[in-house]
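Just so it is clear, the model here is predicted, and its values are computed rather than measured. Naming: A, B, ... by sequence-line order, numbering from 1 per chain.
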Amino acid sequence: MARENDEWVRSFQRIIYAYYNEHKRPFRWRETHDPYAILVSEVMLQQTQTSRVRDKYDAFLTAFPTFESLAQAPTADVLELWQGLGYNKRALSLKRTAKVIMERHGSKLPSDESELRALPGIGTYTAAALRVFAFNVPAPVIDTNVRAVYIHFFSDGSTNVRDTDLLPLIRDTFDTDHPREWVYALMDYGVYLKRNMKNPARNSTAYKKQSRFEGSNRQVRGMIVRFLLDGKHSAREVAKGIDIDETMVKKALETLVKDGILTCRDDTYAIVS
DNA sequence: TTCCCGTCCA
DNA sequence: TGGACGGGAA
């Protein structure tokens, strides 16, 4: 049901746009309409703050400017430019997605929701974000900033707010005439809220506290990938090189092989080609 | 030490 | 549904 004419909707939109018109955040990925460049930004932004993506984005696009160049690039080169962003598996998924798009989508990013969802590393959020930012189509983008906005304005303070509770509100208030600008505006308003109060998105069921990073398998994985970007090594050499207990290193190596980030032959570990 | 952030798989 | 998955800033 279209509700754009309702007074409360226009009032809400006015608040969001008023802030956006004065304080919109400039990002390189907001200047482009190239679906590839937008895809790269969205994958980088998964679980990663804009400040870190900002510093890595241009170099990555310069090295891999197209689906084709990324699909054909050596994985080590891709991971090299990914360092500092975290969650290396995302870089592999992005490269696999580029390959699928070359082979099965005529080198064009699909705009269909289920086709996007079928791509490696593209989930509910990213599929919607791509539809909005790359194709300017209205789609319910729900990330932590959008949750913060809708919970702040429309929730009574209860905890465990589900995305399905927010969805009707998001649809009813969507500025279908300007999908891209609207979602940018929502996200910027969410950031503004979180700077000025306890994160309202904490009341979302989607909000999860991270397990400790220091001393974790995650931390060791990151160290190992960085170390192996300079060349292949045995488990023992890796342990010595990063100064971590060999038992722990072996466990992390196993998970990296299982994730398809490393290969192992004759106890020699290397970044996959 | 705490905070922040989507996807995937069991 | 809950845990694994990086890393930098406050």
Task: Donor on one side chain, acceptor on other, A/Asp112 and A/Ser114, under 3.5 Å - done: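 Result is yes, a qualifying pair exists.
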
TODO: Tell me what A/Arg90 touches on the nucleic acid: a base, only sugar-phosphate, or nothing, going by heavy atoms under 4.0 Å.
DONE: nothing

Task: Salt-bridge present (A/Glu7, A/Arg14; N to O < 4.0 Å) - done: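 A salt bridge is present here (some side-chain N lies under 4.0 Å from a carboxylate O).
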
Task: Sidechain N-carboxylate O distance under 4.0 Å for A/Asp188, A/Lys24 - done: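 Judged by the 4.0 Å cut-off on N to carboxylate O distance, A/Asp188 and A/Lys24 do not form a salt bridge.
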
Task: Atom pair CZ/CE of A/Arg218 and A/Met223 - distance to nearest 0.5 Å - done: 14.0 Å

TODO: Using whole Å, report how far CG of A/Asp259 lies from P of B/dC9.
DONE: 10 Å

Is any side-chain nitrogen or oxygen of [X] closer than 4.0 Å to OP1 or OP2 of [N]?
X: A/Arg218; N: C/dG7; answer: no
X: A/Tyr207; N: B/dC3; answer: no
X: A/Thr126; N: B/dT7; answer: yes
X: A/Asn217; N: C/dC5; answer: yes
X: A/Asn199; N: B/dC4; answer: yes
X: A/Arg212; N: B/dT2; answer: no

Task: Of the listed nucleotides B/dT1, C/dG6, B/dG6, the one nearest the side chain of A/Gln47 - done: B/dG6

Open item on the list: Measuring from the side chain of A/Lys209 (C-beta onward, heavy atoms only), which nucleotide among B/dG6, C/dC5, B/dC3 has the closest atom?
Closed with: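 The answer is B/dC3, which lies nearest to the side chain.
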
- [ ] Between A/Pro120 and A/Glu214, name the one whose nearest nucleotide on DNA chain B is closer to the 5' end.
- [x] A/Glu214

- [ ] Using the six-membered ring wherever Trp is involved, compare the ring planes of A/Phe154 and A/Trp8 and label them parallel, tilted or perpendicular (cut-offs 30° and 60°).
- [x] perpendicular

Could you pull out the protein-nucleic contacts involving nucleotides 8-10 of chain C (nitrogen or oxygen on both sides, under 3.5 Å)?
none

